[in-house]
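In listed order, ligands and their atoms are each counted from 1. The first residue of the sequence shown is numbered 1, and numbering continues consecutively from there.
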Amino acid sequence: MKKLSGRRKFRILKTAVFISGTGSNLRNLIKFSLTKRSPIKIIQVVSSYSKAKGLEFAKKYKIKHNVYNFKNRMKSENEILINLKKDKIDLICLAGFMKILSKKFIKNFTGKILNIHPSLLPRYKGLNTHVRAIRNNDKFSGCTVHFVNSRLDSGKIILQKKVRIYKKDTPQILARRILREEHILYPKALIKISSNL
Ligand code: GRF
């Protein structure tokens with residue numbers, strides 16, 4: 001691969017992070033993006049919810065952020081696309097984004113949208129993953145970073161991390177344990193795929 005500058009051997013990917021809530025993954029990705037080994041620079045934060053706590057992190061780190069309410073999905077997606085193209089965004093990281101993106105939207109960024117999901121996919125696609133894993137007496141759950149395609153939580157898996165479920169676990173306790181691993185996994189997945197984008 002071509003050496004672009006000094007020590008860095010990869011191109012920095014202009015990245016947009018999509019959120020809907022707390023934004024702990026966003027915060028973690030921002031911190032990661034400021035390190036030397038990061039292949040991403042976060043240019044935009046997109047939120048589907050005006051009161052998303054995660055927006056505070058965008059403000060704190062002075063990252064451009066916009067809220068789109070998705071009452072009319074096509075309208076919101078078109079506005080998002082215009083803004084992403086304006087900033088020449090290379091990569092989208094979904095991080096707790098609770099809206100389902102249309103096939104048309106995804107086609108604009110084929111192979112360039114990543115998501116983090118709190119289960120060992122293909123087990124427990126969709127919501128309430130921790131409740132379902134505990135109810136089924138699973139010994140392990142975990143988290144998965146995968147590419148996004150038009151089917152929910154079904155794109156190619158990039159990395160997974162297994163997390164033990166203990167007898168006394170509540171969904172909240174398990175969620176917290178898994179979230180800690182998510183914060184390690186997402187940056188690792190970005191490093192893994194970055195040279196192929
Ligand atoms: C994470 O568990 C993520 O895997 C899921 O939604 C949660 C978002 O958490 N998709 P946060 O908003 O990043 O704290």
Using the rule that two of Ile, Leu, Val, Met, Phe, Trp, Tyr join whenever any of their side-chain heavy atoms come within less than 4.5 Å, decide whether I89 and F18 are in one cluster. yes

Protein heavy-atom partner closest to atom 9 (O) of ligand 1 - residue, atom, separation in Å: N25 ND2, 3.9 Å

On the six-membered ring of F109, is K85 placed so that its NZ or CZ lies under 6.0 angstrom from the centre and within 45° of the ring axis? yes

Can you tell me if G23 contacts ligand 1 (heavy atom of the residue under 4.0 Å from the ligand)? yes

Mark up the atoms of ligand 1 that fall under 4.0 Å of a heavy atom belonging to T22, in ascending order. 12 (O), 14 (O)

G96: numbered ligand 1 atoms lying under 4.0 Å from its heavy atoms: 6 (O), 8 (C), 10 (N)

Counting heavy atoms only, name the option from S24, S119, A175 that's nearest to atom 14 (O) of ligand 1. S24

Could you measure the distance from the CG atom of L101 to the CG atom of N149? Nearest 0.5 Å is fine. 11.5 Å

In terms of side-chain heavy atoms, does S33 have a donor or acceptor partner in S38 at a distance below 3.5 Å? no

Starting from atom 5 (C) of ligand 1, find the nearest protein heavy-atom neighbour and note its residue, name and distance. P118 CD, 3.8 Å

Looking only at side chains, do H183 and S24 share a donor and an acceptor under 3.5 Å apart? yes

Which of the atoms of ligand 1 are close to E182, meaning less than 4.0 Å from one of its heavy atoms? 1 (C), 2 (O), 3 (C), 4 (O)

Is it the case that the ring center of Y68 lies less than 6.0 angstrom away from the ring center of Y49? no

Any N or O on I116 sitting closer than 3.5 Å to an N or O of ligand 1? yes

